[in-house]
Amino acid sequence: NSMLKERWFNLSDKEKQVWKKWQVWDEKRFKYQLKIFEKVEEDKAKNAKVDIGSDSQEQEHTKVASEGAHIPKKKKRPVNTEADKAGTQQSFSSIPKKKRGY
């Protein structure tokens, strides 16, 4: 913290003005995003109260969701098939993941 304080006091007035403009902008951004967050949380709370009070709506919702379009699951390819043993197709299951260098 003392290093930051020292760097701040060593800045020229012109450089300090730039940072103070960023401070004003950031305060406005924070207030705007806080309003959005509070609105979303308020809507969630209202929806939760509505959902708890109506079991019949819950049952209708699950019925409609179950009747909706079916999304098929991704089919998994067998690892060692006869085609792989014959060499006609490449098996990509033996390729290791790339490791990150830290």
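Atom CG in Asp13 sits 6.0 Å away from atom NZ in Lys16 (nearest 0.5 Å). Gln33 CD to Asp26 CG: the interatomic distance, rounded to the nearest 0.5 Å, is 9.0 Å. Here Met3 contributes atom CE and Arg7 contributes atom CZ; the two are 7.0 Å apart, rounded to the nearest 0.5 Å. Phe37 contributes atom CZ, which lies 15.5 Å from atom OH of Tyr32 (distance to the nearest 0.5 angstrom). Here the straight-line distance linking atom CG of Asn10 with atom CD of Glu15 works out to 10.0 Å at 0.5 Å rounding.
Annotation for Val18: hydrophobic cluster partners, listed by chain and number, are Trp22, Trp25 (ILVMFWY side-chain heavy atoms under 4.5 Å, direct or chained). Applying the under-4.5 Å side-chain rule to Ile, Leu, Val, Met, Phe, Trp and Tyr, the cluster around Trp8 extends to Phe9, Leu11, Trp19.
Under a 4.0 Å N-O distance rule, the pair Glu38/Lys35 does not qualify as a salt bridge.
The side-chain contact (heavy atoms from CB on, under 4.5 Å) test applied to Gln17 returns no partner, not counting sequence neighbours.
Counting only distance, with no hydrogens or angles, the side chain of Glu27 and the backbone of Val24 share no donor-acceptor pair below 3.5 Å.
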